[in-house]
Amino acid sequence: MTTTTVYVETTVIGHLVGRILADPIVAGRQYATRQWWTTIEAKHRPYASQLVADECSAGDPSAAAERLHIVRSIEFLTLTSEAIQLTEQLMAGHAIPSSEPRDAAHVSLAAIHGIQYLVTWNFKHIANPSTRRIIESICLSAGYTPPTICTPDELLEV
């Protein structure tokens with residue numbers, strides 16, 4: 001079986017740990033994330049970044065500790081000048097709002113490191129059809145193959 005590379009964005013870690021929420025949509029995403037996570041070692045090589053760790057450390061200390069326990073088990077990608085430049089291009093090109101540099105950085109880290117998939121539950125700034133098209137265009141124009149942006153449940157069969 002071929003192992004795919006996956007950048008695990010912060011929202012996935014948040015859905016992976018902690019109590020199942022009452023909202024049925026969020027609970028469904030939590031269950032899907034947990035099911036996908038059981039396949040991680042067999043099918044995927046996960047990556048994260050210091051940015052993911054920083055975001056996971058926010059909030060309730062107990063919940064943050066749970067999130068950080070998972071994040072620390074994942075290999076980190078290095079923030080490079082190329083990633084910073086692509087982050088700026090993604091915001092300048094309106095793929096991701098300039099108010100959300102972290103979201104642009106997640107995408108740029110995955111792209112410049114050649115990661116195949118960026119897995120996220122962030123539909124507002126990353127995983128939506130119009131955003132995906134602009135992200136892909138900017139990454140390609142900058143000379144990088146964009147990661148396929150998807151949710152954990154989309155990767156269950158990959």
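It should be emphasised that the depicted structure is a prediction, and the values quoted were computed from it without experimental measurement.
Residues Tyr47 and Arg45 bring a donor and an acceptor atom of their side chains to less than 3.5 Å of each other.
Trp121 pairs with exactly one of Thr33, Thr151, Asp153 by the side-chain hydrogen bond (donor to acceptor under 3.5 Å, both in side chains) rule, that one being Thr33. Between Asp103 and the choices Thr120, Asn122, Thr10, Thr131, the side-chain hydrogen bond (donor to acceptor under 3.5 Å, both in side chains) rule is met once, by Asn122.
Closest approach of Gly93 to Ile138, counting heavy atoms only: CA-CD1, 3.7 Å. Smallest separation of non-hydrogen atoms from Pro146 and Cys139: CB-CB, 3.8 Å. Residues His15 and Arg29 approach most closely at CD2-CB, 3.6 Å, considering heavy atoms. Listed here is the closest heavy atom pair of Ala110 and Leu118: CB-CD1, 4.2 Å. Closest approach of Ile74 and Ala48 over heavy atoms only: CG2-N, 3.4 Å. Of all heavy-atom pairs between Ala142 and Gln89, the closest is CB-OE1, 3.4 Å.
At a threshold of 4.5 Å between non-hydrogen side-chain atoms, the residues Tyr144 and Glu82 count as touching. Between His106 and Tyr7 the shortest side-chain heavy-atom distance falls below 4.5 Å. With a 4.5 Å cut-off on side-chain heavy atoms, Gln50 and Leu79 do not count as touching. Residues Glu9 and Val119 fail the side-chain proximity criterion, which asks for heavy atoms closer than 4.5 Å. Trp37 is listed as a side-chain neighbour of Val8, based on a closest heavy-atom distance under 4.5 Å. By the 4.5 Å heavy-atom criterion applied to side chains, Gln116 and Pro147 are not counted as neighbours. At a threshold of 4.5 Å between non-hydrogen side-chain atoms, the residues Leu155 and Thr4 do not count as touching. Taking 4.5 Å as the limit, some side-chain heavy atom of Met91 sits within range of a side-chain heavy atom of Pro101.
The cluster map of Ile, Leu, Val, Met, Phe, Trp and Tyr, joined by side-chain heavy atoms under 4.5 Å apart, puts Ile40 and Val12 in the same cluster. In the hydrophobic clustering of ILVMFWY residues, with side-chain heavy atoms under 4.5 Å counting as a link, Leu51 and Tyr117 come out apart. No continuous path of hydrophobic side-chain contacts links Val26 to Ile20 [ILVMFWY only; heavy atoms under 4.5 Å]. Hydrophobic clustering of Ile, Leu, Val, Met, Phe, Trp and Tyr side chains at less than 4.5 Å, counting indirect connections, keeps Ile96 apart from Leu140. Note on Ile115: it clusters hydrophobically with Phe76, by side-chain heavy-atom contacts below 4.5 Å among ILVMFWY residues.
Under the salt bridge (charged side-chain N to carboxylate O under 4.0 Å, His left out) criterion, Glu66 pairs with no residue at all, not counting sequence neighbours.
Atom CZ of Phe123 has more than 12 neighbouring heavy atoms from other residues, nucleotides or ligands inside a 6.0 Å radius. Within a 6.0 Å sphere centred on CZ of Arg34, heavy atoms belonging to other residues, nucleotides or ligands number more than 12.
In this structure, OG on Ser49 lies 8.0 Å from CG on Asp54, to the nearest 0.5 angstrom. Between atom CG of residue Leu109 and atom CG of residue Leu86 there is a gap of 9.0 Å, rounded to the nearest 0.5 Å. The structure places CG of Leu68 at 9.5 Å from CD1 of Ile13, a figure rounded to the nearest 0.5 Å. The distance from the OG1 atom of Thr39 to the CG atom of Leu156 is 6.0 Å, given to the nearest 0.5 Å. Within the model, atoms CD1 of Ile126 and CD1 of Ile135 stand 6.5 Å from one another, a figure rounded to the nearest 0.5 Å. Note: His125 NE2 to Leu90 CG = 13.0 Å, rounded to the nearest 0.5 Å.
Looking only at distances, a side-chain donor or acceptor of His113 sits under 3.5 Å from a matching main-chain atom of Thr78. Put simply, the side chain of Ser108 gets close to the backbone of Ala105: a donor and an acceptor are under 3.5 Å apart.
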Side chain to side chain contact (heavy atoms under 4.5 Å, CB included) assessment of Leu21 paired with Gln30: CA-CA 8 Å; Leu21 299 180; Gln30 290 176 293; 3.8 Å; yes
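For residues 120-146, no residue pair satisfies the salt bridge (charged side-chain N to carboxylate O under 4.0 Å, His left out) rule, not counting sequence neighbours.
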